[in-house]
There are 2 protein chains.
Amino acid sequence: MPQSTKESPYHHGNLRQSLIDAALELIAEKQDAKTLSLREVARRVGVSHAAPYRHFADKEALLAAVAEEGFHLLLDYLHRAMVHIDEPARRLQASGVGYVRFAIAHPSHYRVMFSTLQVDYLNYPGLNEAGAKAFAVMVDEIMAGQAAGQMKTGDPQKLAWVSWSLVHGLSMLLIEHQLPLTDEQDIEALAEFATQSSMEGLRLGDGP
Amino acid sequence: MPQSTKESPYHHGNLRQSLIDAALELIAEKQDAKTLSLREVARRVGVSHAAPYRHFADKEALLAAVAEEGFHLLLDYLHRAMVHIDEPARRLQASGVGYVRFAIAHPSHYRVMFSTLQVDYLNYPGLNEAGAKAFAVMVDEIMAGQAAGQMKTGDPQKLAWVSWSLVHGLSMLLIEHQLPLTDEQDIEALAEFATQSSMEGLRLGDGP
DNA sequence: ACCTGAACACCGTTCAAGT
DNA sequence: ACCTGAACACCGTTCAAGT
C-alpha cells in the first residue's frame, strides 16, 4: 500500500503518528516486537533513517509511544465491556473479558506494552499514567465489590493483582500462540470461563 | 570471574554448556533476553564469534537450548512443591506456588522460555517435549481432582489453561517488575493467595 | 524546523583457511 | 573435529550539512 496523497504527508507534522503506525504494521507482519528495526520503520514511511530522531529520542521512545497508545485503547475496551452492568463482581469479570478481547484484537500493541518493552515506565510519564488508569479500573471494581459485601476482604490492590495476573497470562499465552486456540468464539468462551472462575475465587464465602 | 582451569575448558566438548551458561549470565546482567548478542556470548566464553556455530545452528537454537533447560528445572520445582501433599486440589495449588517460585528464582530462564522467544517450539522437539511435560503436571492434578469430585467438570485442558494463565501472568508481572513487590516473603505470600483463589474458583460447588 | 548522507561501532551469519 | 579471521549485509545513533 504506497502512500498516495499528492502532497507527501510526511513533511507536515504527522510523521510522528506515521512512525507509530508503521511500527505496528511491521510488528504485526513479523509477529514480533523485539526484532523491529528503526531503520525499517523509516524505510516503510519513506524517510531517511535519521528522520525519526526528530520525533523520538531513540527507538525505546517510539515503543513507549506505541505502548501508551495501547493503554488508551485498552481503557476503551475495559469501559465498553462494563457498560450496562451494575453488580461489581460481574463488572470485574466483564472487564477481564474486555481485557483479553483487546489483547487478541491488538496483539502488536499488547506485545509492545508487555512482552518486549524493557522501558522503565517511570521514564515516560504519559505511559505510566495510562497504565495506572487501566489498573485502577480493576481496583475500583474490587473496592466496590468489597463494599457491597460480594468480595473477599483484604488489600484491594492484592486482589487486583490476582485478577490482572489471570487476564495478562491468558492474553500472553493466546498472543504467543502457546494455546492451540485460533477460533475467535473459542477464545471468547475461554476468556468468559477463566474470568468467571477467577471472580468466583475472589468471591466472599465458601471459605477454605 | 575468569575461567581458571589450567587446561582451557573450552576445547574439550563443554563449549556447548558454557555458551548456555554465559547466555544466562548475560541475560541476568541486562535483565533482558531480547538484546542478547551471540558475539557477546562468545566473547564472554573466550572463543571467536564464529565458534558457537559449531554447536548451534543459529542464535535461536542457543535460546531454545536455554529454554529446554528451563523446562527441566521447572519440572523439578513443580514436583518438589507437590511432594507429601495428597489432595489433588491442594497439589494443584502447591504446584502453582512452585511455578512462581521457579520463575522468580530463575528469571533469565523464564524470560527465554516465554517473554522473548519467538522460537517455534515444534522446530525443537526436546523443548516441545519438556514444555508438554510441565503442562501435563497441571492437567494430571485436575483430572485427579475431578475424579475425586473436588473440582469442576469440563475439559481438564481448559481448566489447566486457566491455572496456567494465572501463574504465568503472575510470574511475568513479577519478573518484569510490574508489581511493586521485591521482598521474597511478600512474593511467596502473594503466590499462595493467588493460587488459593484460583483453586477455589475451579472448585466444585457454590455455583454462579 | 525538518530532513539527509556519511560515519562509527556494533550485529548475525557465512566461509575459506588453519590445526 | 573444532576454531579463526575476513567478509557481507545489516543495526542504532550521531552529526555536519542542506532546505
Side-chain angles (χ1 to χ4, degrees), chain A residues 3 5-27 29-67 112 116-120 123-124, chain B residues 3 5 7-23 25-27 29-67 112 116-120 123-124:
Chain A
Q3 308 302 337
T5 335
K6 267 184 206 160
E7 25 178 3
S8 167
Y10 301 123
H11 304 267
H12 303 295
N14 57 354
L15 176 55
R16 191 190 137 90
Q17 187 61 42
S18 298
L19 290 167
I20 292 175
D21 295 343
L24 285 164
E25 273 178 44
L26 289 167
I27 292 166
E29 287 167 21
K30 307 199 179 181
Q31 306 244 344
D32 183 2
K34 75 176 186 297
T35 63
L36 181 75
S37 131
L38 198 48
R39 289 171 97 113
E40 199 178 4
V41 172
R43 247 180 268 129
R44 169 71 54 111
V45 157
V47 293
S48 83
H49 61 259
Y53 289 88
R54 292 296 117 202
H55 297 273
F56 299 102
D58 51 24
K59 185 180 167 179
E60 189 184 75
L62 169 59
L63 291 176
V66 170
V112 174
T116 183
L117 201 63
Q118 288 318 35
V119 172
D120 194 344
N123 294 340
Y124 300 90
Chain B
Q3 308 302 335
T5 334
E7 25 178 2
S8 167
Y10 301 123
H11 304 268
H12 303 294
N14 57 354
L15 177 54
R16 190 191 137 90
Q17 188 61 44
S18 298
L19 291 166
I20 292 175
D21 295 343
E25 272 179 45
L26 289 167
I27 293 166
E29 286 169 20
K30 306 199 180 180
Q31 306 245 338
D32 182 2
K34 73 175 187 298
T35 64
L36 181 74
S37 130
L38 198 48
R39 288 170 96 113
E40 200 178 2
V41 173
R43 246 180 268 129
R44 168 71 54 111
V45 158
V47 293
S48 82
H49 61 259
Y53 289 89
R54 292 295 118 202
H55 297 273
F56 299 102
D58 50 25
K59 184 180 168 182
E60 188 183 75
L62 169 59
L63 291 175
V66 171
V112 174
T116 183
L117 201 64
Q118 287 320 33
V119 172
D120 193 345
N123 294 339
Y124 300 90

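Below, each value reflects all heavy atoms present in this structure, side chains not excepted, and no hydrogens, waters or symmetry copies. Chain letters run A, B, ... following the sequence lines, proteins first, then strands; residues in each count from 1.
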When both distances are under 3.5 Å in a Watson-Crick or G-U wobble arrangement, the nucleotide paired with C:dA6 is D:dT14

Between the CZ atom in A:Arg44 and the OG atom in A:Ser37, the distance rounded to the nearest 0.5 Å is 11.5 Å

| task | Ignoring backbone atoms, establish whether A:Ser37 has a side-chain N or O less than 4.0 Å from OP1 or OP2 of D:dG12. | result | yes

Just N and O in the side chain of A:Ser48: are any of them under 4.0 Å from OP1 or OP2 of C:dC3? no

In whole angstroms, the gap separating C1' of D:dG12 from CG of A:Leu19 amounts to 15 Å

Rounded to whole Å, the CG-C1' distance (B:Asp58 to D:dC10) equals 16 Å

note: A:Tyr53, atom OH; D:dA17, atom P; distance rounded to Å ~ 21 Å

dist B:Leu63:CG -> B:Ile27:CD1 (nearest 0.5 Å) comes out at 6.0 Å

B:Leu63 CG to C:dT13 P, in whole Å, measures 10 Å

Taken to the nearest whole Å, CD/A:Glu40 to P/D:dA9 is 17 Å

| message | Just N and O in the side chain of B:Arg43: are any of them under 4.0 Å from OP1 or OP2 of C:dC11? | response | yes

B:Glu60 CD to C:dG12 C1', in whole Å, measures 13 Å

Per atom distances to the B:Leu38 side chain, the nearest of C:dT14, C:dC3, C:dG12 is C:dG12

Looking only at D:dG5, C:dT13, D:dT13, the nucleotide nearest the B:Ala50 side chain is D:dG5

Item checked: Under 3.5 Å donor-acceptor pair, A:Arg39 side-chain atoms to D:dT13 base atoms -> yes

Distance col, row A:Ser48:OG vs A:Arg39:CZ, nearest 0.5 angstrom, shows 9.5 Å

(message) Over all strands shown, is A:Leu62 touching base, sugar-phosphate only, or nothing at heavy-atom distances under 4.0 angstrom?
(response) nothing

* Is there side-chain contact between A:Arg54 and A:Leu15, with at least one heavy-atom pair below 4.5 Å? -> no

Whole-Å distance, B:His55 NE2 to D:dA1 P, equals 13 Å

Tightest non-hydrogen contact, residues A:Asp58 and A:Tyr53, listed as CA-CE2, 4.1 Å

Quick note, A:Ala51 side chain, CB onward, closest among D:dC15, C:dC3, C:dC15 is C:dC3

pair_partner(D:dT19), Watson-Crick or wobble, both distances < 3.5 Å, evaluates to C:dA1

Considering only heavy side-chain atoms of B:His49, the closest of D:dC15, D:dC3, D:dA7 is D:dA7

B:Arg54 atom CZ is separated from D:dG5 atom C1', nearest whole Å, by 14 Å

